[in-house]
Amino acid sequence: MNGKFLLDTNAVVALLNGNILLSQTLQTATWVGISGRLFT
């Protein structure tokens with residue numbers, strides 16, 4: 001892994017729900033993004 005993560009909606013929901021494994025993985029990330037679309 002290169003330390004960069006782009007989270008989809010399901011991953012964001014899992015993180016907000018307390019997914020410990022995902023949280024631990026992201027702690028070592030150098031960059032975290034969240035996919036989505038801009039509101040217009």
Side-chain angles (χ1 to χ4, degrees):
M1 292 262 166
N2 63 7
K4 296 181 182 179
F5 297 89
L6 178 62
L7 306 179
D8 67 0
T9 305
N10 293 323
V12 173
V13 170
L15 187 61
L16 292 173
N17 283 327
N19 185 309
I20 294 172
L21 181 58
L22 180 55
S23 177
Q24 290 173 341
T25 301
L26 294 177
Q27 286 179 9
T28 61
T30 58
W31 182 89
V32 177
I34 298 174
S35 66
R37 61 181 196 188
L38 296 175
F39 295 99
T40 58

Is the number of heavy atoms from other residues, nucleotides or ligands within 6.0 Å of CD1 (I20) greater than 12? no

Donor-acceptor contacts under 3.5 Å from residues 21-33 side chains, at least two apart:
from : atom 1 : to  : atom 2 : distance (Å)
T25  : OG1    : L21 : O      : 2.9
T28  : OG1    : T25 : O      : 3.0
T30  : OG1    : G3  : O      : 3.0

Name the atoms and distances for all side-chain donor-acceptor pairs under 3.5 Å in residues 9-16, with sequence neighbours left out.
none

